[in-house]
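Note sheet for the following structure.
Throughout, protein chains are lettered first and strands after them, A, B, ... in sequence-line order, and every chain is numbered starting at 1.
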Amino acid sequence: MPRFQRPTGTMDILPEDQPYWEYVRSLAVRLARQAGFERIDVPIFETTDLFARGIGTATDVVEKEMYTFEDKGGESLTLRPEFTAGVVRAYIEHGMHVRPQPVKLYSLGPVFRYDRPQAGRYRQFHQFNLEILGTQDPAADLEVMVLIWDLYAGLGFRDLSFQLNSTGCPRCRPGYVEVLRAYYRQHLDEVCDDCRRRFQTSPLRLLDCKAELCQPVIAAAPPIGDHLCGECADHFAELRAYLDLLGRPYTLNHRLVRGLDYYTKTVFEVWAAGIGAQAAVCGGGRYDGLAEALGGPPTPGVGVAAGIERIVLVMKAQEIEVPSLPAPSVFLAYLGRKGRREAVRLADCLRRAGVGVWQAFDERGLKSQMREANRRGVRYAVILGEDELAREMATVRDMEAGDQTEVPLGELTAWFQARTIL
RNA sequence: GUGGGUGUGGCCUAAUGGUUAAGGCACCUGGUUGUGGCCCAGGAGAUUGUGGGUUCGAAUCCCACCACUCACCCCA
């Protein structure tokens, strides 16, 4: 038999890691709900064309990172590489434009990108996603930014940096791209090979290059902020005024660009230190043209996606404590056939009454069962032996105090209900 | 897609070309009738990532592949 392994770039989230995940998910959901976001679950796979049109055919995500396959009916499907396209598709498909606007939706789940794994990067990873559809108010941009920021703050993150930029709209961006290209044309011999390629394929990303060589050229490049149209400039100014109003710190980063075509106006990322080269714990922005590009009514939108794996990495790097998950506080040990029958009956009875129970299995010595009770970390061990059962009693041992007492079988449920939560 | 590092029981590690691959953690069983943590004894658990090659002899040297890992690219 071959020995199976998980596919490259995937991971098993083992029981010992679940407290981190549960903590992140529950806080994220609580914050979303309290800001009026409602949950939406969209399919894990969609028609391939949805992503191609939504994200952009020339993007890396679509060009080389999608898990695309043909189903038995010959249809081309793709495992979602992100949430936004699917959520906007659902908005259009279910006519959500007739609901009170804006529509605020959150999602949580796995997404897939065929990429080379490294620290903080996986082929299957999980995102917490927020979208506000149906308003172009900069206050909506603010709301997703603040919510995600509060998520990190609530988790106890330190040393975050909030990067903000505006990449304009279809009216002003092309003009800026021409200015940028004109500038770079003069400096092509001073930049790296990658940048000479970017000059052709994705000029905005020239600003994002990390090569030492290119830094002086980037520093002197014309910033997009000087080339925004009136509407984009106003929007950006208003958003920044709101951030200042709330006293939310951010770094204006005119080099911040996004790899997905649908973004307009606002773009932002939050960076964390200490988790490797993949420092962005979330990315988001405005996408006013997306709904229309997907065949729906013109609908402005703004959203953010946070990578949960990276959040967990930060929590571990910063040694953030998380509460352990609830577990039974009672262990049922037994001796002999009668004891075993009584344990089976009692486990059922206690659990129905809301008392969490570990039940011993198999025929083992009491010592071994007590050892197990200790390792399970329970507060109480119940011993069902011949002696007690003959008198309709059970021995209840307090594992912390180290003392024990006898309790009538009929009173056990009430006894534990009075003392234990789970 | 490109480059670097690493692969020895579930986990951590030893064995520097020479018997049957050693130890710790964890796991299981005992240490006088039915009692956990500490201690003691014992047990189970490995075709040394896979396949080739060199050699009388390979965990160890060489090649290929695979996986993991870090970085580029890109992104969460």
So what does [X] touch, heavy atoms closer than 4.0 Å: a base, only the sugar-phosphate, or nothing?
X	answer
A/Ala306	nothing
A/Asp208	nothing
A/Gly276	sugar-phosphate
A/Arg364	sugar-phosphate

Do the charged groups of [X] and [Y] touch, with an N to O distance under 4.0 Å?
X	Y	result
A/Glu363	A/Arg340	yes
A/Lys316	A/Asp17	yes
A/Glu372	A/Arg364	yes
A/Arg80	A/Glu46	no
A/Asp244	A/Arg240	no

Can you say whether a donor on the side chain of [X] sits under 3.5 Å from an acceptor on the base of [N], or the other way round?
X	N	value
A/Gln118	B/rC73	yes
A/Arg397	B/rG36	yes
A/Gln404	B/rU35	yes
A/Arg121	B/rC73	yes
A/Glu388	B/rG34	yes
A/Arg116	B/rU2	yes

Return the pairing partner of [N] with a 3.5 Å limit on both distances, Watson-Crick or G-U wobble; otherwise return none.
N	answer
B/rC65	B/rG49
B/rG17	none
B/rG3	B/rC70
B/rG43	B/rC27
B/rC38	none
B/rU55	none

Between OG1 of A/Thr395 and CD of A/Glu388, what distance do you get to the nearest 0.5 Å?
->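 Between atom OG1 of A/Thr395 and atom CD of A/Glu388 there are 3.5 Å.
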
Between [options], which one does the side chain of [X] approach most closely?
X	options	value
A/Arg197	B/rC72, B/rC73, B/rA76	B/rC73
A/Arg310	B/rA76, B/rC68, B/rU35	B/rA76
A/Gln127	B/rG34, B/rC74, B/rA76	B/rA76
A/Gln278	B/rA71, B/rC74, B/rA76	B/rC74
A/Arg371	B/rG30, B/rC74, B/rA67	B/rG30
A/Lys367	B/rG31, B/rA67, B/rG34	B/rG31
A/Thr395	B/rU35, B/rC74, B/rG36	B/rU35

Ignoring backbone atoms, test whether A/Thr8 places a side-chain nitrogen or oxygen under 4.0 Å from the OP1 or OP2 oxygen of B/rC68.
-> yes

A/Arg375 side chain near B/rC27 phosphate (N/O to OP1/OP2, under 4.0 Å) |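 True: A/Arg375 side-chain N/O within range (under 4.0 Å) of B/rC27 OP1/OP2.
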
